[in-house]
Structures are given as structure tokens and as C-alpha cells.
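To start, the structure under review is shown below, and the notes come after it.
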Amino acid sequence: MNKVMLGWAWTTNATTSIRGRIWVAWNPDEVLYTVLETTEQYIRGKYSSHNSGVSFLLTTVYGRHTIAARQPLWSVLRAIHTQVQVQEPWLIMGDFNSILTSENREMGNPVQEYEIRDFREFTEECNISEMPAVGRSFTWTNEHVYNRIDKALWQGPRGIWQNLKGIRQEIQLLNKREYLGVTEKVRSIRKDLLEKQSLMTNAPIPTEVFDEDKELQLQLNKWRHIEKSIYRQKAREQWIKLGDSNTSYFFAHMKGRKIQNQVKVLTIADDVEAAFKGIADDKAPGIDGFDSHFFKQSWTIIGQ
């Protein structure tokens with residue numbers, strides 16, 4: 001360990017587990033980590049940052065391989081939950097050797113309710129939230145089944161959660177008040193601008209007309225930019241949804257190929273064209289700003 005992370009401190013549960021599957025390492029120049037308890041299925045400690053002052057309880061987990069063997073883990077995590085102070089954050093992370101939802105498995109046998117019951121009940125009863133993750137969707141595979149069993153869970157101070165809920169409500173109100181009907185606002189401003197410019201065809205032109213024209217152009221540019229940003233965001237959300245569907249499709253296709261021993265040709269160009277036909281003309285499917293209408297009209301060229 002010293003050769004890999006020079007100057008770092010570390011601890012393991014080798015004294016309570018023959019294989020010592022849990023390792024926790026930290027840089028003592030940056031972090032103060034105090035070990036509070038070490039068991040076969042978890043190491044419990046407290047993390048404090050020297051620089052930021054951030055501190056929280058950290059429980060690092062490696063769950064046993066059977067439902068029965070994991071029962072003591074859920075019991076002790078519930079007990080820790082009752083001991084955690086209201087204003088003290090708690091991070092639980094590691095390999096739980098258990099999935100939390102049916103979406104955490106691809107291929108293999110269908111997920112049964114009894115497989116996820118204990119994990120789900122623990123998170124619900126203790127108000128534990130799963131933290132967002134990046135990277136691979138699944139953390140374990142035997143090339144036949146894909147599971148997500150490594151997770152980071154979080155229980156934050158109640159005051160913080162209440163503040164976040166309040167902020168979310170304010171953002172929703174702001175969105176309704178300021179940005180609802182953006183496309184209609186753009187049309188209205190454009191109409192006013194055209195009417196104003198029609199008054200500028202005959203001399204003399206009053207100075208206030210020039211000023212009003214300039215202001216309308218600024219407003220039009222502002223709201224067109226907002227409109228474009230909204231469309232791009234919606235396009236990204238749609239792409240993420242399609243991406244999730246494509247992942248499921250990919251695994252289903254793999255499974256079908258193994259069973260039927262066939263190779264199917266994906267007609268990508270046809271799929272893309274069909275996808276464009278299903279998108280409204282004023283939607284922008286990419287970050288370049290071109291709307292769906294442009295691609296539909298020029299598909300005979302672009303599709304090549």
C-alpha cells in the first residue's frame with residue numbers, strides 16, 4: 001500500500017474478516033479520518049477535511065453474498081441511523097452485493113421482490129438517498145448477468161433537505177413566472193418589431209422609434225437565446241431517455257442473438273430518419289441549433 005499511495009494512511013477489516021475485503025485509505029495532509037468500528041461487513045469512521053471543514057460519518061460496506069448473511073448488516077445500519085445526530089451527514093458506500101431496484105439488473109432471471117426487499121426497506125425507513133453516479137451503468141458481470149451492486153448512499157441533515165426543497169419550489173415558481181410560454185413571447189416580440197420597422201419606411205423617423213426598435217431587437221435576441229437553451233436542454237433529456245432505451249435494447253439484442261444464433265443488421269439510417277419524423281419541427285435534436293424541420297427538408301442530402 002505504501003508503494004501505491006506514498007504518505008497515505010489506510011485501514012482494513014482483515015482482523016474481522018479472513019479475506020479483508022474492505023480497505024479505506026486517506027491522505028492525512030488533507031483529511032482527518034477516525035476509525036470508530038470495524039466489522040466483517042463494514043468499517044465505520046468519521047471524515048473531516050482540513051481545508052474546507054466539511055465533516056461527515058462514513059460507513060464503508062462489503063455485504064455478504066447471501067440474503068440471510070446480509071441480515072445483520074441491515075440491522076446494524078438501522079442501529080447506526082438511530083445514533084446519528086440530526087445535523088450530522090452520513091455517507092454509506094461500497095459493494096452491497098445486493099441490487100436496490102429491478103433497474104439495477106440486465107439480462108439473467110427477472111428480479112424477484114424478495115431480492116430487493118431488505119435493501120429497499122432500509123433506505124425507505126431511514127430516509128436514505130442514492131447519490132448520482134457517472135460511468136458504467138453496471139458494476140458487476142459474469143458476461144451473462146449485469147448488476148449494479150456498488151453504490152453511494154447519503155443521509156443529510158434535515159435542515160439542509162428542507163432548504164433544498166424550498167429552493168426547488170422557488171425555482172419552479174421562477175420557471176412558471178418567467179419562462180412559461182417562451183415561444184409565444186418570441187412571436188409576440190417579433191410581431192411588435194415588424195410593426196415598428198414598418199413605421200420606419202417613411203421619413204422623418206422620430207428618435208423614440210429608433211430607440212423602441214433597438215430595445216425590441218435586444219428583447220428578441222434575449223428570448224430567442226432562452227428559447228434555444230430550453231430546446232437544447234429538452235433535446236439532451238430526450239437523448240438521455242433514448243440512451244437508456246438503447247441500453248435495454250442492446251442487452252435484449254445480445255440475449256436474443258445467443259438464443260437464436262442470428263445476426264441482425266441494424267438499419268441505422270432508417271432508424272434515424274424515423275426518429276426525426278417523430279420530433280416536432282421546432283425542436284433542436286442537437287447542440288448545433290438546427291431544428292428538426294431543417295433536417296426533414298434536407299434529409300435526401302444529409303441522409304447520404
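In this chain, numbering begins with 1 at the start of the sequence shown. Since the structure is predicted, the reported quantities are computational estimates derived from the model, not experimental observations.
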TODO: Let me see the working for Glu30 and Asn51 under side-chain hydrogen bond (donor to acceptor under 3.5 Å, both in side chains), right down to the final yes or no.
DONE: CA-CA 7 Å; Glu30 303 288 339; Asn51 297 324; 2.8 Å; yes

Open item on the list: Please list all pairs meeting salt bridge (charged side-chain N to carboxylate O under 4.0 Å, His left out) that have one or both residues in residues 50-78, counting only residues at least two apart or in different chains.
Closed with: Glu40-Arg64, Arg78-Glu125

Close side-chain approach of [X] and [Y], heavy atoms under 4.5 Å:
{"X": "Gln219", "Y": "Glu215", "result": "yes"}
{"X": "Val182", "Y": "Trp223", "result": "yes"}
{"X": "Arg120", "Y": "Glu113", "result": "yes"}
{"X": "Pro89", "Y": "Trp154", "result": "yes"}
{"X": "Leu153", "Y": "Phe119", "result": "yes"}
{"X": "Val186", "Y": "Arg224", "result": "yes"}
{"X": "Val61", "Y": "Ile92", "result": "yes"}
{"X": "Asn142", "Y": "Tyr146", "result": "no"}

Task: Set of residues satisfying side chain to side chain donor-acceptor pair (under 3.5 Å) with respect to Thr139, sequence neighbours excluded - done: Asp150

Task: Worked check of side chain to side chain contact (heavy atoms under 4.5 Å, CB included) between Tyr42 and Leu73 - done: CA-CA 8 Å; Tyr42 68 87; Leu73 174 63; 4.1 Å; yes

Test your reading of the model: is there a side-chain donor-acceptor pair from [X] to the backbone of [Y], 3.5 Å cut-off?
{"X": "Asn104", "Y": "Asn147", "value": "no"}
{"X": "Thr12", "Y": "Trp23", "value": "no"}
{"X": "Ser55", "Y": "Ser48", "value": "no"}

Joint cluster assignment, [X] & [Y], ILVMFWY side-chain distance < 4.5 Å:
{"X": "Leu32", "Y": "Leu91", "value": "no"}
{"X": "Ile116", "Y": "Phe122", "value": "no"}
{"X": "Phe56", "Y": "Ile43", "value": "yes"}
{"X": "Ile99", "Y": "Phe138", "value": "no"}
{"X": "Val54", "Y": "Leu58", "value": "yes"}

Interatomic distance, [X] atom [atom1] to [Y] atom [atom2] [nearest 0.5 angstrom]:
{"X": "Leu36", "Y": "Lys46", "atom1": "CG", "atom2": "NZ", "result": "8.5 Å"}
{"X": "Arg44", "Y": "Thr59", "atom1": "CZ", "atom2": "OG1", "result": "6.5 Å"}
{"X": "Trp74", "Y": "Ser98", "atom1": "CH2", "atom2": "OG", "result": "5.0 Å"}
{"X": "Thr101", "Y": "Glu103", "atom1": "OG1", "atom2": "CD", "result": "4.0 Å"}
{"X": "Ser75", "Y": "Asp118", "atom1": "OG", "atom2": "CG", "result": "8.5 Å"}
{"X": "Trp8", "Y": "Asn27", "atom1": "CH2", "atom2": "CG", "result": "5.5 Å"}

Task: Verdict with supporting geometry, Lys151 and Leu100, side chain to side chain contact (heavy atoms under 4.5 Å, CB included) - done: CA-CA 9 Å; Lys151 295 179 180 292; Leu100 180 57; 3.7 Å; yes

List the atom of [X], the atom of [Y], and the distance in Å for their closest heavy-atom pair.
{"X": "Thr11", "Y": "Val35", "result": "CG2-CG2, 3.9 Å"}
{"X": "Pro72", "Y": "Ala69", "result": "CD-O, 3.3 Å"}
{"X": "Thr38", "Y": "Thr16", "result": "O-CG2, 3.6 Å"}
{"X": "Cys126", "Y": "Gln155", "result": "O-OE1, 3.1 Å"}

- [ ] Let me see the working for Glu130 and Thr123 under side chain to side chain contact (heavy atoms under 4.5 Å, CB included), right down to the final yes or no.
- [x] CA-CA 9 Å; Glu130 182 176 356; Thr123 59; over 6 Å; no

Donor-acceptor pairs under 3.5 Å, side chain of residues 193-200 to any protein atom, not counting sequence neighbours: which ones?
| unit_1 | atom_1 | unit_2 | atom_2 | d |
| --- | --- | --- | --- | --- |
| Lys196 | NZ | Glu212 | OE1 | 2.5 |
| Gln197 | NE2 | Asp213 | OD1 | 3.3 |
| Ser198 | OG | Glu195 | O | 2.5 |

Open item on the list: Please determine whether side chain to side chain contact (heavy atoms under 4.5 Å, CB included) holds for the pair Thr39 and Val76, giving the CA-CA distance in whole Å, both sets of side-chain angles, and the decisive distance to 0.1 Å.
Closed with: CA-CA 10 Å; Thr39 72; Val76 76; over 6 Å; no

Open item on the list: Suppose we call two aromatic rings close when their centres sit under 6.0 Å apart. Are Tyr33 and Tyr47 close by that rule?
Closed with: no

Task: Aromatic plane relationship, Trp90 with His81 - under 30° parallel, 30 to 60° tilted, over 60° perpendicular - done: parallel

TODO: Using a cut-off of 6.0 Å, state whether more than 12 heavy atoms not belonging to His65 lie near its atom NE2.
DONE: yes

